[in-house]
Amino acid sequence: MAAAAVPVPQGPLVVGVDSSTQSTKALVVDSATGEIVARGQAPHTVGGGSDGTGKESVPEQWWEALTEALRQCGTPAREAAAISVGGQQHGLVTLDAAGRSVRPALLWNDVRSAPQRDRLIEELGGPKAWAERVGSVPAPAFTVTKWAWLRENEPEAARATAAVRLPHDYLTERLTGYGTTDRGDASGTGWWASGTESYDEEILDRVGLSPELLPRVLRHGEAAGTVRELPDLPLPTGALVATGTGDNMAAALGLGLRPGQPVLSLGTSGTVYAVSAHRPTDPTGVVAGFADTRDAWLPLACTLNCTLAVDRIAALLGRDREAVEPGGSAVLLPFLDGERTPHLPHASGLLHGLRHDTTPGQVLQAAYDGAVFALLTALDQVLDADAAPDAPLLLIGGGAKGTAWRETVRRLSGRPVRVPRAEELVALGAAAQAAGLALGEDPAAVARRWSTAEGPSYGPVPRDEAAMERHSQVLASADGLLRHS
């Protein structure tokens, strides 16, 4: 029997990259149809630093993983017209004059810089001043706090640093030879001012970082350069390299979001965001005022405890994660890792309202309710006048595949829900950005042409106001306990 014919691409092939905490993925995509014609993935490791409390990775591992992922893509990667890199946000990459890493990169989930974060916020006018200036009240995840930590704790490494990059910047520079970034990823550093869309020299001076060490911020539609001649890189020399961006911005682009379309991402952590035409400035720190990849904004809120926390409760109860039961009065706030939203970094999980007739399935449902309650409360602060109150929630991430997660979101939100069929949205968003550059089109329009947000839809059900109120009351009453757990 003859082998099936491989479809001829209808448009140029492009590569989208997702360089995440644990691995790097590469997709080769037909720019005309969005069809994935090849894929590859390679892991990298995360260490704990010298004291075991940090989260660090050697940047050269990301490059090796990218090269291997591209190699797995085979011939299609060698025919690509353009490439773009989406990467984990906030990481601090320090390079010497030869472009080698001075030390392992401090990752987004390394929060050793919490003391530096608190001091910086106080020294530069408090939360409201930071929100108005840079769009966000920095969390310990933000790059500016990490650089302040490095200068205090490893001054020799700071002095040896000739260039500071974010993870996606590092890979883009390895491809092109030029130090560049984009406004989306730059907006998560804490030293890029959203009000002026430029580096804030007063903040940089406060933390002792010269702007000359930072990459040039490219505008929407600009090219970072072209792929240079590298002997072991399975990409064509001269292929276009787009600006790239942070992972959340890439996922939003991968969905082709229009302003006001809310997204709820259910992963190890939970995230809610929407594209907005209005610059966010939330002094409470709940909403991070990120820029998107184009010329708008991406207000975003993140919770630390989502699918992993609920799965842990299911394991403690000895139940399958789908074995929930309705009813009961239990409230479970699953803040097993402390919590970012609401800001309760020292909290632990809290269970309230048990009765003799409370069942294990009701306790498990309470864990789902607690996680979704935190996300929906944050979503209320993320959305603005661009968002229609009955707009469907786009449900993405690993939890979106679970019936219990989907039905809990429907019940507590009162909104219709759509579950996009497309997966690997960070890599797809990067591919759409590469395709937009290659074709001279708006990358969000490219993603919409690929129908990445299409999927099964579920109508609204009456909002469970009683459950939402019960959670609000328990959260308020337990405030002191949660702050000192």
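- Residues S472 and F373 have side chains in contact (heavy-atom distance under 4.5 Å, counting atoms from C-beta outward).
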Applying side chain to side chain contact (heavy atoms under 4.5 Å, CB included), run through L92 and L150 and close with a yes or a no.
-> CA-CA 10 Å; L92 175 68; L150 187 71; 4.2 Å; yes
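- Considering CG of D320 and CG of L364, their distance stands at 8.5 Å, rounded to 0.5 Å.
- Inter-residue side-chain proximity for W63 and V58 is flagged as unmet; no heavy-atom pair is nearer than 4.5 Å.
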Candidate pair Q88 and S19, rule side chain to side chain donor-acceptor pair (under 3.5 Å), full reasoning | CA-CA 6 Å; Q88 54 181 309; S19 183; 5.2 Å; no
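- Residues T33 and W450 are not in side-chain contact: their nearest non-hydrogen atoms beyond the backbone lie 4.5 Å or more apart.
- We find that E407 and R411 are not joined by a salt bridge, their nearest charged nitrogen and carboxylate oxygen being 4.0 Å or further apart.
- In this structure, S269 OG and L304 CG are separated by 7.0 Å, a value rounded to the nearest 0.5 Å.
- For the side chain to side chain donor-acceptor pair (under 3.5 Å) criterion with W108, the lone passing option out of D247, T21, T143 is T21.
- Between the CD atom in E469 and the CD atom in Q473 there is a gap of 4.5 Å [rounded to 0.5 Å].
- For the residue pair T24 and W62, no side-chain donor N or O sits within less than 3.5 Å of a side-chain acceptor on the partner.
- Cation-pi geometry between R406 and Y458 is met: under 6.0 angstrom from the ring centre, within 45 degrees of the axis.
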How far apart are the C-alpha atoms of D110 and R112, what are their side-chain angles, what is the distance that settles it, and do they pass the salt bridge (charged side-chain N to carboxylate O under 4.0 Å, His left out) test?
-> CA-CA 6 Å; D110 188 315; R112 286 176 287 180; 2.6 Å; yes
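- For the pair S136 (side chain) and P138 (backbone), a donor-acceptor distance under 3.5 Å is absent.
- K25 contributes no side-chain N or O that, together with a main-chain N or O of R39, makes up a donor-acceptor pair within less than 3.5 Å.
- The side-chain heavy atoms of L393 and P262, taken from C-beta on, include a pair separated by under 4.5 Å.
- Taking all atoms of both residues into account, the shortest heavy-atom contact from R133 to D200 is NE-OD2, 2.5 Å.
- Panel note: side chain R449, backbone S31; a donor-acceptor pair is recorded below 3.5 Å.
- Judged by distance alone, with hydrogens and angles left aside, the side-chain atoms of E132 form no donor-acceptor pair with the main-chain N or O of A129 at under 3.5 Å.
- In this structure, R321 contributes its side chain and V310 its backbone to no donor-acceptor pair below 3.5 Å.
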Output, in order, the C-alpha distance, side-chain angles, deciding distance and verdict of side chain to side chain contact (heavy atoms under 4.5 Å, CB included) for I121 and V137.
-> CA-CA 8 Å; I121 290 175; V137 181; 3.6 Å; yes
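- Within a 6.0 Å radius of CD in E423, no more than 12 heavy atoms belonging to other residues, nucleotides or ligands are found.
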Derivation of the side chain to side chain contact (heavy atoms under 4.5 Å, CB included) call for T303 and E339 = CA-CA 6 Å; T303 63; E339 191 45 85; 3.7 Å; yes
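- Within 6.0 Å of atom CD in E122, 12 or fewer heavy atoms from other residues, nucleotides or ligands are found, so the atom counts as exposed in its surroundings.
- S23 and Q41 are linked by a side-chain donor-acceptor pair at a separation below 3.5 angstrom, with hydrogens and angles left out of the test.
- For L375 against C306, the heavy-atom pair with the smallest separation is CD1-SG, 4.2 Å.
- For T408 and Q365, the side-chain atoms include at least one donor-acceptor pair closer than 3.5 Å.
- The shortest heavy-atom contact between D384 and H278 is OD2-CD2, 3.5 Å.
- Contact annotation: the side chain of L344 approaches that of L475 to within less than 4.5 Å [non-hydrogen atoms, C-beta and beyond].
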Evaluate the ring-ring contact (aromatic ring centres under 6.0 Å, His included) criterion for residues W297 and F290: first the C-alpha distance (whole Å), next the side-chain angles of each, then the deciding distance (0.1 Å), finally the verdict.
-> CA-CA 6 Å; W297 305 94; F290 295 145; over 10 Å; no
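- Shown here is H220, whose NE2 atom has more than 12 heavy atoms of other residues, nucleotides or ligands within 6.0 Å.
- Smallest separation of non-hydrogen atoms from D369 and L412: O-CD1, 3.7 Å.
- Between L395 atom CG and L266 atom CG the span is 4.5 Å, to the nearest 0.5 Å.
- Surrounding CZ of R312 are at most 12 heavy atoms belonging to other residues, nucleotides or ligands under 6.0 Å away.
- Side-chain N or O atoms of D182 include none that pairs as donor or acceptor with a backbone N or O of T293 at under 3.5 Å.
- Q362 places a side-chain N or O within donor-acceptor distance of the main-chain N or O of P326, the cut-off being under 3.5 Å.
- Shortest non-hydrogen contact noted between K55 and N109 is CB-OD1, 3.3 Å.
- Rounding to the nearest 0.5 Å gives a distance of 9.0 Å between CG of L66 and NE2 of H44.
- The number of heavy-atom neighbours closer than 6.0 Å to CZ of R470, taken from other residues, nucleotides and ligands shown, is above 12.
- Looking at Q89 and N248, their side chains do bring a donor and an acceptor atom within 3.5 Å of each other.
- Side-chain contact of T284 with D282: a donor-acceptor pair under 3.5 Å is present, judged by distance alone.
- For the pairing with V426, the side chain to side chain contact (heavy atoms under 4.5 Å, CB included) check across L27, V85, T245, D18 returns one residue only, D18.
- To the nearest 0.5 Å, the span separating CG on D337 from CG on L308 amounts to 7.0 Å.
- Under the 4.0 Å criterion applied to side-chain N and carboxylate O atoms, D292 and R183 are assigned as salt-bridge partners.
- Side chain to side chain, S113 and T145 meet the donor-acceptor criterion of an N or O pair below 3.5 Å.
- For the pair L255/V263, a side-chain contact is recorded, criterion being any heavy-atom separation below 4.5 Å from C-beta on.
- The backbone N or O of L354 sits nowhere less than 3.5 Å from a side-chain atom of T358 that would complete a donor-acceptor pair.
- Here the shortest heavy-atom pairing between A26 and L70 reads CB-CD2, 4.1 Å.
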Could you go step by step and tell me if H90 and T189 meet the side chain to side chain contact (heavy atoms under 4.5 Å, CB included) rule?
-> CA-CA 6 Å; H90 306 307; T189 59; over 6 Å; no
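- The residues R448 and E454 are annotated as not salt-bridged, no charged nitrogen and carboxylate oxygen being separated by less than 4.0 angstrom.
- At least one side-chain heavy atom of P460 sits under 4.5 Å from a side-chain heavy atom of P416.
- Between T377 and T341, every side-chain heavy-atom pair lies at or beyond the 4.5 Å cut-off.
- The closest donor-acceptor contact from the side chain of Q61 to the backbone of T45 lies under 3.5 Å.
- Electrostatic pairing of E325 and R319 counts as a salt bridge here, judged by a charged N lying under 4.0 Å from a carboxylate O.
- A distance-only check finds no donor-acceptor pair linking the side chain of K146 to the backbone of A105 [under 3.5 Å].
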